[in-house]
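Worksheet: the structure to be examined is printed underneath.
All of these numbers come straight from a predicted model, not from anything done at the bench. FYI, side chains are in, hydrogens and waters are out, and symmetry mates aren't considered; it's all heavy atoms of this structure. All chains are named by letter (A, B, ...) in the order of the sequence lines, taking the proteins before the strands, and each is independently numbered beginning at 1.
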Amino acid sequence: LSDAILPVDDDSGRVRLLGSRCKRCGECFYPSRPTCRNCSATDCEAVEFGPEGVLYTYTIVREPAALPPRAYGQVDFDGRVRVQARLVPASLEDIRIGSLVEAILPPEGEQTGGGFVFRPVEVR
Amino acid sequence: MREVAVIGVGMTRFGQYAEKSASEHGFEATLAALKDAGLEWKEVQAAFVGSMGVGGTVGPSTLAEVGLTGIPILDVENASASGSAAFRQAYVSVGAGLCDVALSLGVGKMTAAAAFRPGGDRPAQAFFPPAAAFAMRAQRRMFEYGDTADHYAMVSVKNHRHGALNPYAQFQEQVTLEEVRAARMIADPLTVLHCTPRGDGGAAAILCSVERARSLGVDPLITVVASAFRSELHRSPSLDSPTLTETTSREAYEQAGAGPWDMDLIQIHDAFTVEEIDYYEELGLCPRGEGARLIDEGVTAIGGKLPFSTDGGLLARGHPIGPTGLAQVWETVHQLRGTAGARQVEGASIGLCQMIGAGGVCYVHILKR
(Lines give C-alpha, C1' and ligand atoms only; values in the text may rest on other atoms or scores of the structure.)
Protein backbone atom coordinates (compact mmCIF):
# COMPACT_ATOMS: atom_id res chain seq x y z
CA LEU A 1 0.00 0.00 0.00
CA SER A 2 1.20 3.49 -0.76
CA ASP A 3 -0.42 6.90 -1.22
CA ALA A 4 1.48 7.34 -4.48
CA ILE A 5 0.95 10.59 -6.36
CA LEU A 6 2.43 12.10 -9.50
CA PRO A 7 2.63 15.91 -9.86
CA VAL A 8 1.09 17.22 -13.09
CA ASP A 9 3.83 18.80 -15.21
CA ASP A 10 2.47 22.37 -15.23
CA ASP A 11 3.58 24.00 -11.93
CA SER A 12 -0.07 24.12 -10.84
CA GLY A 13 0.53 21.94 -7.79
CA ARG A 14 -2.06 19.52 -9.13
CA VAL A 15 -1.39 15.80 -8.72
CA ARG A 16 -2.58 12.56 -10.21
CA LEU A 17 -3.27 9.57 -7.95
CA LEU A 18 -1.50 6.31 -8.79
CA GLY A 19 -3.92 3.46 -8.14
CA SER A 20 -4.45 -0.06 -9.40
CA ARG A 21 -6.96 -1.91 -11.53
CA CYS A 22 -7.73 -5.63 -11.33
CA LYS A 23 -7.07 -7.29 -14.68
CA ARG A 24 -9.67 -9.98 -13.93
CA CYS A 25 -12.77 -8.08 -12.70
CA GLY A 26 -11.84 -4.47 -13.51
CA GLU A 27 -12.34 -3.08 -9.99
CA CYS A 28 -10.10 -0.10 -9.23
CA PHE A 29 -8.36 0.86 -6.01
CA TYR A 30 -6.61 3.80 -4.46
CA PRO A 31 -4.13 3.41 -2.85
CA SER A 32 -2.94 0.68 -5.23
CA ARG A 33 -3.16 -2.90 -4.03
CA PRO A 34 -1.26 -6.05 -5.01
CA THR A 35 -4.50 -8.08 -4.74
CA CYS A 36 -8.09 -7.32 -5.69
CA ARG A 37 -10.48 -6.86 -2.77
CA ASN A 38 -13.40 -7.84 -4.96
CA CYS A 39 -12.22 -11.08 -6.63
CA SER A 40 -8.88 -11.78 -4.88
CA ALA A 41 -6.96 -11.89 -8.17
CA THR A 42 -3.27 -11.03 -7.84
CA ASP A 43 -2.92 -9.66 -11.34
CA CYS A 44 -3.35 -5.88 -11.03
CA GLU A 45 -2.11 -3.08 -13.26
CA ALA A 46 -1.26 0.54 -12.51
CA VAL A 47 -3.88 3.17 -13.32
CA GLU A 48 -3.91 6.95 -12.81
CA PHE A 49 -6.77 9.03 -11.46
CA GLY A 50 -7.39 12.76 -11.34
CA PRO A 51 -6.42 15.40 -10.80
CA GLU A 52 -10.14 16.18 -11.21
CA GLY A 53 -12.91 14.31 -9.44
CA VAL A 54 -16.44 14.85 -8.14
CA LEU A 55 -17.13 15.65 -4.48
CA TYR A 56 -19.26 12.79 -3.12
CA THR A 57 -19.59 14.12 0.42
CA TYR A 58 -17.77 16.23 3.02
CA THR A 59 -17.87 17.47 6.57
CA ILE A 60 -16.33 20.25 8.61
CA VAL A 61 -14.58 18.95 11.73
CA ARG A 62 -14.77 21.37 14.66
CA GLU A 63 -13.07 19.24 17.28
CA PRO A 64 -10.79 19.76 19.16
CA ALA A 65 -12.14 23.26 19.72
CA ALA A 66 -8.61 24.66 20.14
CA LEU A 67 -7.95 24.10 16.42
CA PRO A 68 -9.55 25.98 13.55
CA PRO A 69 -12.42 24.14 11.79
CA ARG A 70 -11.20 22.05 8.86
CA ALA A 71 -13.00 20.28 6.04
CA TYR A 72 -12.66 16.70 4.81
CA GLY A 73 -14.05 15.40 1.56
CA GLN A 74 -14.64 12.12 -0.20
CA VAL A 75 -14.06 12.42 -3.93
CA ASP A 76 -15.05 10.01 -6.71
CA PHE A 77 -12.60 9.62 -9.58
CA ASP A 78 -13.97 8.34 -12.90
CA GLY A 79 -16.87 6.80 -10.96
CA ARG A 80 -14.44 4.06 -9.92
CA VAL A 81 -12.67 4.97 -6.68
CA ARG A 82 -13.68 7.09 -3.67
CA VAL A 83 -10.79 8.83 -1.94
CA GLN A 84 -10.84 10.80 1.31
CA ALA A 85 -8.56 13.71 2.15
CA ARG A 86 -8.51 17.22 3.59
CA LEU A 87 -10.54 19.70 1.57
CA VAL A 88 -9.17 23.26 1.34
CA PRO A 89 -11.85 25.54 -0.16
CA ALA A 90 -11.41 29.32 -0.20
CA SER A 91 -14.29 29.44 2.27
CA LEU A 92 -15.81 26.66 4.41
CA GLU A 93 -19.24 28.03 3.46
CA ASP A 94 -18.54 27.32 -0.18
CA ILE A 95 -18.52 23.52 -0.43
CA ARG A 96 -20.99 21.80 -2.75
CA ILE A 97 -21.56 18.05 -3.08
CA GLY A 98 -21.45 17.10 -6.75
CA SER A 99 -19.02 19.86 -7.63
CA LEU A 100 -15.69 19.39 -9.39
CA VAL A 101 -12.60 19.32 -7.18
CA GLU A 102 -8.94 18.61 -7.88
CA ALA A 103 -6.14 16.90 -5.98
CA ILE A 104 -3.23 19.20 -5.16
CA LEU A 105 -0.08 19.15 -3.02
CA PRO A 106 -0.86 20.32 0.54
CA PRO A 107 -0.47 24.09 1.06
CA GLU A 108 2.89 25.03 2.60
CA GLY A 109 2.97 24.84 6.39
CA GLU A 110 -0.36 23.05 6.67
CA GLN A 111 -0.24 19.71 8.50
CA THR A 112 -2.83 17.68 6.69
CA GLY A 113 -1.73 14.15 7.52
CA GLY A 114 -1.48 13.20 3.85
CA GLY A 115 0.45 13.77 0.65
CA PHE A 116 -2.36 15.68 -1.11
CA VAL A 117 -5.54 17.65 -0.46
CA PHE A 118 -8.60 18.57 -2.50
CA ARG A 119 -9.66 22.05 -3.56
CA PRO A 120 -12.69 23.15 -5.57
CA VAL A 121 -11.99 23.67 -9.27
CA GLU A 122 -12.54 27.33 -10.07
CA VAL A 123 -15.29 27.92 -12.57
CA ARG A 124 -13.63 29.28 -15.68
CA MET B 1 -27.73 -26.74 16.11
CA ARG B 2 -30.09 -27.42 19.00
CA GLU B 3 -32.35 -24.74 20.42
CA VAL B 4 -30.76 -22.29 22.85
CA ALA B 5 -32.47 -20.17 25.54
CA VAL B 6 -31.39 -17.00 27.34
CA ILE B 7 -32.17 -17.62 31.01
CA GLY B 8 -30.42 -14.79 32.83
CA VAL B 9 -29.25 -11.24 32.19
CA GLY B 10 -27.47 -8.63 34.29
CA MET B 11 -25.69 -5.32 33.81
CA THR B 12 -24.22 -2.37 35.64
CA ARG B 13 -25.44 1.15 34.96
CA PHE B 14 -23.28 2.51 32.15
CA GLY B 15 -21.42 5.72 32.97
CA GLN B 16 -18.09 7.28 33.83
CA TYR B 17 -16.58 5.66 36.91
CA ALA B 18 -13.20 6.96 38.01
CA GLU B 19 -12.78 4.40 40.79
CA LYS B 20 -14.15 1.26 39.18
CA SER B 21 -12.26 -1.13 36.88
CA ALA B 22 -13.64 -3.02 33.89
CA SER B 23 -13.27 -6.23 35.92
CA GLU B 24 -15.39 -4.85 38.75
CA HIS B 25 -18.15 -4.05 36.26
CA GLY B 26 -17.82 -7.58 34.87
CA PHE B 27 -17.96 -9.13 38.33
CA GLU B 28 -21.19 -7.27 39.20
CA ALA B 29 -22.83 -8.03 35.86
CA THR B 30 -21.98 -11.74 36.18
CA LEU B 31 -23.43 -11.99 39.69
CA ALA B 32 -26.57 -10.16 38.52
CA ALA B 33 -27.02 -12.55 35.58
CA LEU B 34 -26.49 -15.62 37.80
CA LYS B 35 -29.06 -14.30 40.28
CA ASP B 36 -31.48 -13.56 37.45
CA ALA B 37 -31.04 -17.12 36.10
CA GLY B 38 -31.27 -18.66 39.57
CA LEU B 39 -27.98 -20.46 38.97
CA GLU B 40 -24.79 -20.89 40.93
CA TRP B 41 -21.47 -20.14 39.26
CA LYS B 42 -20.40 -23.81 39.45
CA GLU B 43 -23.27 -24.68 37.07
CA VAL B 44 -21.78 -22.52 34.27
CA GLN B 45 -19.67 -24.69 31.96
CA ALA B 46 -18.01 -22.15 29.63
CA ALA B 47 -17.54 -18.38 29.42
CA PHE B 48 -16.91 -15.92 26.60
CA VAL B 49 -15.83 -12.40 27.51
CA GLY B 50 -15.98 -9.46 25.08
CA SER B 51 -13.87 -6.33 25.49
CA MET B 52 -11.73 -3.98 23.45
CA GLY B 53 -8.53 -2.32 24.58
CA VAL B 54 -8.97 -3.24 28.25
CA GLY B 55 -5.71 -5.20 28.27
CA GLY B 56 -4.56 -8.45 29.84
CA THR B 57 -6.67 -11.58 29.91
CA VAL B 58 -9.67 -9.71 31.23
CA GLY B 59 -12.04 -12.71 31.04
CA PRO B 60 -10.11 -15.21 33.17
CA SER B 61 -8.97 -12.54 35.64
CA THR B 62 -12.47 -11.09 36.04
CA LEU B 63 -14.15 -14.47 36.48
CA ALA B 64 -11.43 -15.66 38.89
CA GLU B 65 -13.09 -13.31 41.37
CA VAL B 66 -16.37 -15.20 40.93
CA GLY B 67 -14.64 -18.54 41.43
CA LEU B 68 -11.95 -20.77 39.93
CA THR B 69 -14.02 -23.64 38.60
CA GLY B 70 -11.71 -24.75 35.80
CA ILE B 71 -14.11 -24.01 32.93
CA PRO B 72 -12.95 -22.81 29.50
CA ILE B 73 -12.89 -18.99 29.39
CA LEU B 74 -12.26 -17.16 26.12
CA ASP B 75 -11.57 -13.45 25.60
CA VAL B 76 -13.14 -12.20 22.37
CA GLU B 77 -12.59 -8.88 20.61
CA ASN B 78 -14.51 -7.61 17.62
CA ALA B 79 -14.51 -3.84 18.00
CA SER B 80 -17.88 -2.34 19.02
CA ALA B 81 -19.46 -5.75 18.51
CA SER B 82 -17.24 -7.53 21.08
CA GLY B 83 -20.19 -8.19 23.43
CA SER B 84 -22.29 -9.51 20.57
CA ALA B 85 -19.34 -11.73 19.61
CA ALA B 86 -19.26 -13.15 23.16
CA PHE B 87 -23.00 -13.81 22.96
CA ARG B 88 -22.63 -15.51 19.58
CA GLN B 89 -19.80 -17.76 20.84
CA ALA B 90 -21.85 -18.79 23.89
CA TYR B 91 -24.77 -19.53 21.56
CA VAL B 92 -22.56 -21.64 19.27
CA SER B 93 -21.09 -23.51 22.23
CA VAL B 94 -24.49 -24.45 23.70
CA GLY B 95 -26.12 -24.94 20.31
CA ALA B 96 -23.42 -27.34 19.17
CA GLY B 97 -23.83 -29.35 22.35
CA LEU B 98 -20.34 -28.64 23.71
CA CYS B 99 -21.95 -27.53 26.97
CA ASP B 100 -25.40 -26.94 28.47
CA VAL B 101 -24.85 -23.60 30.20
CA ALA B 102 -22.56 -20.78 29.02
CA LEU B 103 -21.92 -17.22 30.16
CA SER B 104 -21.43 -14.34 27.76
CA LEU B 105 -19.98 -11.25 29.42
CA GLY B 106 -18.86 -7.88 28.11
CA VAL B 107 -16.82 -5.26 29.92
CA GLY B 108 -15.53 -1.85 28.95
CA LYS B 109 -13.72 1.13 30.38
CA MET B 110 -13.64 3.70 27.62
CA THR B 111 -12.86 6.49 30.10
CA ALA B 112 -9.37 4.95 30.28
CA ALA B 113 -8.97 4.25 26.55
CA ALA B 114 -6.47 6.25 24.53
CA ALA B 115 -8.20 5.51 21.23
CA PHE B 116 -9.92 8.23 19.21
CA ARG B 117 -7.93 11.05 20.78
CA PRO B 118 -5.84 13.54 18.83
CA GLY B 119 -2.12 13.00 18.83
CA GLY B 120 -0.21 9.81 18.34
CA ASP B 121 1.90 9.87 15.21
CA ARG B 122 -0.44 12.18 13.29
CA PRO B 123 -0.52 15.97 13.49
CA ALA B 124 -3.48 17.27 15.48
CA GLN B 125 -4.73 19.18 12.43
CA ALA B 126 -5.22 15.83 10.72
CA PHE B 127 -7.31 14.45 13.58
CA PHE B 128 -10.38 12.81 12.11
CA PRO B 129 -12.83 11.82 14.86
CA PRO B 130 -15.17 8.83 14.34
CA ALA B 131 -18.09 11.27 14.22
CA ALA B 132 -16.67 12.80 11.04
CA ALA B 133 -17.17 9.62 9.00
CA PHE B 134 -20.83 9.53 10.02
CA ALA B 135 -21.20 13.26 9.46
CA MET B 136 -20.12 12.62 5.87
CA ARG B 137 -22.81 9.95 5.58
CA ALA B 138 -25.33 12.46 6.89
CA GLN B 139 -24.23 15.15 4.41
CA ARG B 140 -24.57 12.71 1.53
CA ARG B 141 -28.03 11.58 2.69
CA MET B 142 -29.17 15.20 2.96
CA PHE B 143 -27.94 15.83 -0.59
CA GLU B 144 -29.22 12.60 -2.12
CA TYR B 145 -32.44 11.89 -0.20
CA GLY B 146 -33.46 15.29 1.13
CA ASP B 147 -33.07 14.39 4.83
CA THR B 148 -32.62 17.36 7.14
CA ALA B 149 -30.32 17.67 10.15
CA ASP B 150 -33.51 17.76 12.25
CA HIS B 151 -34.35 14.20 11.19
CA TYR B 152 -31.12 13.08 12.85
CA ALA B 153 -31.74 15.35 15.84
CA MET B 154 -35.15 13.68 16.27
CA VAL B 155 -33.39 10.31 16.67
CA SER B 156 -31.38 11.83 19.54
CA VAL B 157 -34.53 13.25 21.16
CA LYS B 158 -36.34 9.90 20.85
CA ASN B 159 -33.49 7.77 22.19
CA HIS B 160 -32.82 10.13 25.10
CA ARG B 161 -36.56 9.96 25.91
CA HIS B 162 -36.26 6.16 26.00
CA GLY B 163 -33.07 6.36 28.05
CA ALA B 164 -34.84 8.53 30.63
CA LEU B 165 -37.03 5.48 31.35
CA ASN B 166 -34.06 3.14 31.84
CA PRO B 167 -32.41 3.10 35.30
CA TYR B 168 -29.31 1.47 33.74
CA ALA B 169 -28.79 4.15 31.07
CA GLN B 170 -25.77 6.47 31.23
CA PHE B 171 -28.02 9.46 30.39
CA GLN B 172 -31.45 9.51 32.00
CA GLU B 173 -32.43 13.02 31.04
CA GLN B 174 -34.56 14.02 28.09
CA VAL B 175 -33.22 16.49 25.54
CA THR B 176 -35.22 18.83 23.30
CA LEU B 177 -34.80 19.30 19.58
CA GLU B 178 -33.52 22.82 20.29
CA GLU B 179 -30.90 21.47 22.72
CA VAL B 180 -29.66 18.93 20.16
CA ARG B 181 -29.41 21.63 17.49
CA ALA B 182 -27.62 24.10 19.76
CA ALA B 183 -25.14 21.65 21.30
CA ARG B 184 -21.41 21.87 20.50
CA MET B 185 -20.81 21.05 16.83
CA ILE B 186 -18.43 18.10 16.36
CA ALA B 187 -18.60 17.58 12.58
CA ASP B 188 -21.34 19.22 10.51
CA PRO B 189 -24.24 18.43 10.87
CA LEU B 190 -23.63 16.33 14.00
CA THR B 191 -23.50 18.09 17.37
CA VAL B 192 -22.27 16.31 20.48
CA LEU B 193 -25.86 15.19 21.23
CA HIS B 194 -25.84 13.20 17.97
CA CYS B 195 -22.91 11.15 19.29
CA THR B 196 -22.61 8.27 21.74
CA PRO B 197 -20.89 9.23 25.03
CA ARG B 198 -17.68 7.74 26.38
CA GLY B 199 -18.44 5.36 29.25
CA ASP B 200 -17.75 2.26 31.31
CA GLY B 201 -19.83 -0.75 32.26
CA GLY B 202 -20.50 -4.45 32.21
CA ALA B 203 -23.31 -6.66 30.91
CA ALA B 204 -23.89 -10.42 30.91
CA ALA B 205 -26.26 -13.03 29.56
CA ILE B 206 -26.47 -16.73 30.45
CA LEU B 207 -27.43 -19.11 27.68
CA CYS B 208 -28.52 -22.70 28.09
CA SER B 209 -30.06 -25.55 26.17
CA VAL B 210 -33.83 -25.39 25.93
CA GLU B 211 -34.00 -28.85 27.44
CA ARG B 212 -32.12 -27.68 30.51
CA ALA B 213 -34.12 -24.45 30.68
CA ARG B 214 -37.35 -26.46 30.74
CA SER B 215 -36.04 -28.65 33.54
CA LEU B 216 -35.19 -25.47 35.47
CA GLY B 217 -38.80 -24.33 34.98
CA VAL B 218 -37.83 -21.11 33.16
CA ASP B 219 -40.98 -19.14 32.28
CA PRO B 220 -41.36 -17.35 29.95
CA LEU B 221 -38.84 -19.25 27.87
CA ILE B 222 -36.86 -16.91 25.60
CA THR B 223 -34.97 -18.55 22.76
CA VAL B 224 -32.41 -17.41 20.21
CA VAL B 225 -34.17 -17.92 16.87
CA ALA B 226 -31.42 -16.32 14.77
CA SER B 227 -27.70 -15.70 15.14
CA ALA B 228 -26.12 -14.20 12.04
CA PHE B 229 -22.55 -12.90 11.76
CA ARG B 230 -20.92 -11.43 8.68
CA SER B 231 -17.96 -9.37 7.56
CA GLU B 232 -17.95 -6.76 4.83
CA LEU B 233 -18.31 -7.17 1.08
CA HIS B 234 -16.25 -4.97 -1.22
CA ARG B 235 -18.16 -1.84 -2.20
CA SER B 236 -17.09 0.99 -4.50
CA PRO B 237 -18.68 3.80 -6.54
CA SER B 238 -19.07 1.30 -9.39
CA LEU B 239 -20.04 -1.73 -7.29
CA ASP B 240 -23.13 -1.26 -5.11
CA SER B 241 -22.85 -4.50 -3.09
CA PRO B 242 -25.25 -5.09 -0.18
CA THR B 243 -24.15 -3.45 3.08
CA LEU B 244 -23.10 -5.37 6.19
CA THR B 245 -26.45 -4.83 7.87
CA GLU B 246 -28.29 -5.90 4.72
CA THR B 247 -26.42 -9.21 4.35
CA THR B 248 -26.44 -10.04 8.06
CA SER B 249 -30.09 -9.19 8.69
CA ARG B 250 -31.28 -11.15 5.64
CA GLU B 251 -29.49 -14.23 6.97
CA ALA B 252 -31.09 -13.67 10.39
CA TYR B 253 -34.59 -13.26 8.92
CA GLU B 254 -34.15 -16.52 7.04
CA GLN B 255 -33.10 -18.38 10.19
CA ALA B 256 -36.00 -16.93 12.17
CA GLY B 257 -38.57 -17.37 9.40
CA ALA B 258 -39.62 -13.78 10.02
CA GLY B 259 -39.19 -10.38 8.40
CA PRO B 260 -38.44 -6.91 9.72
CA TRP B 261 -42.09 -5.92 10.25
CA ASP B 262 -42.66 -9.11 12.27
CA MET B 263 -40.37 -7.65 14.98
CA ASP B 264 -41.90 -5.99 18.05
CA LEU B 265 -38.74 -4.04 18.89
CA ILE B 266 -35.23 -3.53 17.51
CA GLN B 267 -31.88 -2.51 19.06
CA ILE B 268 -29.14 -1.19 16.80
CA HIS B 269 -25.68 0.43 16.71
CA ASP B 270 -26.87 4.04 16.99
CA ALA B 271 -23.44 5.45 17.89
CA PHE B 272 -24.36 8.41 15.68
CA THR B 273 -27.95 9.47 14.99
CA VAL B 274 -27.72 9.15 11.20
CA GLU B 275 -26.96 5.46 11.57
CA GLU B 276 -30.43 4.73 12.94
CA ILE B 277 -32.02 6.14 9.78
CA ASP B 278 -29.62 4.12 7.61
CA TYR B 279 -30.49 0.94 9.50
CA TYR B 280 -34.27 1.43 9.07
CA GLU B 281 -33.50 1.01 5.39
CA GLU B 282 -30.75 -1.60 5.59
CA LEU B 283 -32.83 -3.79 7.93
CA GLY B 284 -35.48 -3.74 5.23
CA LEU B 285 -38.22 -1.63 6.83
CA CYS B 286 -38.36 0.66 3.81
CA PRO B 287 -36.50 1.34 0.56
CA ARG B 288 -33.18 3.21 0.63
CA GLY B 289 -33.67 6.93 1.00
CA GLU B 290 -37.02 6.73 2.79
CA GLY B 291 -35.87 6.08 6.37
CA ALA B 292 -36.39 9.63 7.61
CA ARG B 293 -40.13 9.19 7.16
CA LEU B 294 -40.19 6.60 9.98
CA ILE B 295 -38.70 9.01 12.54
CA ASP B 296 -40.98 11.78 11.25
CA GLU B 297 -44.07 9.66 11.79
CA GLY B 298 -43.04 8.33 15.21
CA VAL B 299 -43.05 4.72 13.99
CA THR B 300 -39.82 3.89 15.86
CA ALA B 301 -40.65 5.46 19.23
CA ILE B 302 -42.07 3.46 22.14
CA GLY B 303 -45.81 3.52 21.43
CA GLY B 304 -45.14 3.46 17.68
CA LYS B 305 -45.50 0.43 15.43
CA LEU B 306 -41.86 -0.75 15.70
CA PRO B 307 -39.81 0.89 18.48
CA PHE B 308 -36.03 1.16 18.02
CA SER B 309 -33.42 1.61 20.77
CA THR B 310 -36.00 1.15 23.54
CA ASP B 311 -33.38 1.35 26.32
CA GLY B 312 -31.95 4.62 25.00
CA GLY B 313 -29.56 2.99 22.54
CA LEU B 314 -25.88 3.82 22.29
CA LEU B 315 -26.85 7.51 22.37
CA ALA B 316 -28.39 7.47 25.87
CA ARG B 317 -27.93 4.03 27.46
CA GLY B 318 -24.27 4.33 26.41
CA HIS B 319 -21.58 2.39 24.57
CA PRO B 320 -18.64 1.13 26.62
CA ILE B 321 -17.86 -1.16 23.61
CA GLY B 322 -17.36 -4.53 25.35
CA PRO B 323 -20.77 -4.76 27.06
CA THR B 324 -22.88 -2.86 24.51
CA GLY B 325 -24.16 -5.84 22.52
CA LEU B 326 -25.08 -7.60 25.76
CA ALA B 327 -26.94 -4.54 27.04
CA GLN B 328 -29.09 -4.94 23.92
CA VAL B 329 -29.77 -8.56 24.91
CA TRP B 330 -30.51 -7.44 28.49
CA GLU B 331 -33.09 -4.97 27.19
CA THR B 332 -34.65 -7.43 24.75
CA VAL B 333 -34.99 -10.15 27.40
CA HIS B 334 -36.69 -7.74 29.81
CA GLN B 335 -39.04 -6.55 27.06
CA LEU B 336 -39.96 -10.12 26.10
CA ARG B 337 -40.54 -11.05 29.74
CA GLY B 338 -42.72 -7.97 30.19
CA THR B 339 -40.43 -6.57 32.91
CA ALA B 340 -39.22 -3.42 31.12
CA GLY B 341 -41.22 -1.12 33.39
CA ALA B 342 -42.09 2.34 32.08
CA ARG B 343 -40.55 1.60 28.66
CA GLN B 344 -42.40 -1.70 28.14
CA VAL B 345 -43.45 -2.37 24.56
CA GLU B 346 -46.90 -3.84 25.02
CA GLY B 347 -47.16 -7.53 24.15
CA ALA B 348 -43.57 -7.78 22.87
CA SER B 349 -42.79 -11.35 21.83
CA ILE B 350 -39.92 -11.05 19.31
CA GLY B 351 -36.97 -8.64 19.18
CA LEU B 352 -33.89 -8.06 17.04
CA CYS B 353 -30.41 -6.88 18.11
CA GLN B 354 -27.96 -5.54 15.51
CA MET B 355 -24.38 -4.51 16.25
CA ILE B 356 -21.64 -3.22 13.99
CA GLY B 357 -17.94 -3.49 14.71
CA ALA B 358 -15.40 -1.33 12.89
CA GLY B 359 -13.37 -3.24 10.37
CA GLY B 360 -16.13 -4.25 9.65
CA VAL B 361 -18.33 -6.91 11.09
CA CYS B 362 -22.02 -7.19 11.89
CA TYR B 363 -24.04 -9.38 14.23
CA VAL B 364 -27.81 -9.81 14.17
CA HIS B 365 -29.56 -11.85 16.86
CA ILE B 366 -33.29 -12.41 17.11
CA LEU B 367 -34.83 -13.46 20.42
CA LYS B 368 -38.35 -14.80 20.79
CA ARG B 369 -40.65 -15.54 23.70
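Contact tally against chain A (heavy-atom pairs below 4.5 Å) for B:P237, B:A187, B:P189: the top residue is B:P237. Chain A forms the most heavy-atom pairs under 4.5 Å with one residue out of B:V192, B:L239, B:L233, and that residue is B:L239.
Proximity to chain B (any heavy atom under 4.5 Å) is restricted, for A:F29, to the side chain, taken from C-beta onward. Using a 4.5 Å cut-off between heavy atoms, A:V61 contacts chain B through both its backbone and its side chain. Contacts between A:N38 and chain B at a heavy-atom distance below 4.5 Å involve backbone atoms as well as side-chain atoms. For a residue to count as touching a neighbouring chain, one of its non-hydrogen atoms must lie under 4.5 Å from one of that chain's; by this rule B:R184 touches chain A with the side chain only.
The pair B:D278-B:R137 meets the salt-bridge criterion, with a side-chain N (NZ, NE, NH1 or NH2) lying under 4.0 Å from an Asp/Glu carboxylate O.
Without hydrogens or angle criteria, A:S20 side chain to A:C44 main chain gives no donor-acceptor distance under 3.5 Å.
A cation-pi geometry, defined here as NZ or CZ lying under 6.0 Å from the six-membered ring centre and within 45° of its normal, holds between A:R82 and A:Y56.
Among B:R317, B:H162, B:E276, the one residue that satisfies the side chain to side chain donor-acceptor pair (under 3.5 Å) test with B:S309 is B:E276.
Close placement of the A:F118 and A:F116 rings is indicated, their centers lying within 6.0 Å of each other.
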